[in-house]
Amino acid sequence: QVQVVESGGGLVQPGGSLRLSCTASRPTLDNYNIGWFRQAPGRETEGVACFSNVDFTAYYEESVKGRFTISSDKAKNSVYLHMESLKPEDTAVYYCGAAPLDLPVQAMCIGRIISGSWGQGTQVTVPM
């Protein structure tokens with residue numbers, strides 16, 4: 001079972017940037033497809049960005065394309081979400097998760113499919 005810890009959230013003004021981090025205690029994230037998800041108040045969890053460790057492609061939710069980038073650091077067993085041009089509608093708790101390599105990343109993001117349980121998440125707030 002994949003265990004992760006998210007960090008890096010905070011309060012940022014519209015147009016600002018943040019980098020979220022997701023570190024796995026075990027096992028190695030290379031053995032999974034990885035993704036970032038978010039849940040805004042009163043809304044369902046949605047997949048934001050998911051990355052394939054099979055063909056190294058990424059899927060992005062439409063509203064974040066061109067603004068968010070998912071990346072990884074194998075040496076640190078970590079995954080990052082670089083967020084730019086932040087908007088108030090990006091306000092949410094952000095979670096990372098891993099899924100089997102044979103699951104297409106679009107399905108992972110749209111279906112919000114991960115292996116194991118959701119972590120604590122990290123809050124991102126972009127005021128109006």
Side-chain angles (χ1 to χ4, degrees):
Q1 184 172 347
V2 182
Q3 297 180 342
V4 298
V5 176
E6 303 93 342
S7 63
L11 174 67
V12 60
Q13 294 300 312
S17 301
L18 274 178
R19 188 185 78 161
L20 306 183
S21 300
C22 168
T23 301
S25 58
R26 65 171 191 266
T28 303
L29 289 177
D30 279 359
N31 297 329
Y32 297 86
N33 290 335
I34 50 180
W36 283 95
F37 305 80
R38 67 186 179 187
Q39 185 172 26
R43 300 187 64 177
E44 292 188 349
T45 302
E46 64 175 351
V48 174
C50 293
F51 180 80
S52 168
N53 269 314
V54 176
D55 59 14
F56 309 111
T57 59
Y59 168 86
Y60 293 95
E61 193 272 328
E62 191 64 33
S63 70
V64 308
K65 283 183 180 178
R67 301 189 299 122
F68 290 12
T69 304
I70 187 171
S71 66
S72 66
D73 185 333
K74 294 180 180 180
K76 296 182 179 180
N77 205 28
S78 296
V79 175
Y80 306 100
L81 185 67
H82 305 262
M83 307 186 295
E84 299 178 349
S85 302
L86 283 162
K87 305 175 181 180
E89 51 263 44
D90 295 317
T91 295
V93 179
Y94 284 72
Y95 304 88
C96 69
L101 290 173
D102 61 356
L103 180 67
V105 288
Q106 182 172 348
M108 178 185 180
C109 258
I110 293 175
R112 297 159 290 171
I113 301 170
I114 66 167
S115 300
S117 303
W118 294 105
Q120 294 297 310
T122 186
Q123 174 73 47
V124 173
T125 301
V126 187
M128 300 289 283

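All residue numbers refer to positions in the sequence shown, counting from 1. Computed from a prediction, not measured in an experiment: that's the story for all the values here.
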Compare all side-chain heavy atoms of N31 with those of L29 and state whether any distance is below 4.5 angstrom. no
Heavy-atom pair with the smallest gap, counting every atom of [X] and [Y]:
X: P100; Y: Y32; result: N-CD2, 4.3 Å
X: S85; Y: S17; result: N-OG, 4.5 Å
X: P41; Y: T91; result: CD-O, 4.4 Å
X: Q13; Y: P127; result: NE2-CG, 3.8 Å
X: V105; Y: F51; result: CG1-C, 3.4 Å
X: P88; Y: M128; result: CB-SD, 3.4 Å

Verify same cluster id: [X], [Y] (apolar side-chain graph, 4.5 Å):
X: V93; Y: V126; result: no
X: L86; Y: V64; result: yes
X: F56; Y: L101; result: no
X: L81; Y: F37; result: no

If you apply the rule side chain to side chain contact (heavy atoms under 4.5 Å, CB included), what do you find for T69 with Y60, and how did you get there? CA-CA 8 Å; T69 304; Y60 293 95; 3.8 Å; yes
Strictly by modelled atom types, are [X] and [Y] linked by a side-chain donor-acceptor pair under 3.5 Å?
X: T122; Y: S7; value: no
X: S52; Y: D55; value: yes
X: S71; Y: H82; value: yes

When rounded to the nearest 0.5 angstrom, what distance separates [atom1] in [X] from [atom2] in [Y]?
X: S21; Y: K76; atom1: OG; atom2: NZ; answer: 8.5 Å
X: T125; Y: D90; atom1: OG1; atom2: CG; answer: 11.0 Å
X: I34; Y: S78; atom1: CD1; atom2: OG; answer: 9.5 Å
X: W118; Y: Y95; atom1: CH2; atom2: OH; answer: 8.5 Å
X: N53; Y: K74; atom1: CG; atom2: NZ; answer: 6.5 Å
X: L18; Y: M83; atom1: CG; atom2: CE; answer: 4.5 Å

Aromatic Y80 / basic R19 pairing, under 6.0 angstrom, 45° off normal: yes
Check whether any side-chain N or O of [X] sits under 3.5 Å from a backbone N or O of [Y] as a donor-acceptor pair, and report yes or no.
X: E61; Y: V48; result: no
X: E6; Y: C96; result: yes
X: N33; Y: L103; result: yes

Other residues, nucleotides and ligands only: do more than 12 of their heavy atoms fall within 6.0 Å of CD on Q120? no
Verify salt bridge (charged side-chain N to carboxylate O under 4.0 Å, His left out) between E46 and R112, making sure each step is shown before the conclusion. CA-CA 7 Å; E46 64 175 351; R112 297 159 290 171; over 6 Å; no
Show the numbers, then the answer: is there a side chain to side chain contact (heavy atoms under 4.5 Å, CB included) between K87 and R67? CA-CA 10 Å; K87 305 175 181 180; R67 301 189 299 122; 3.9 Å; yes
Flag the pair F68 / W36 as yes when their ring centroid distance falls below 6.0 Å, and as no otherwise. no
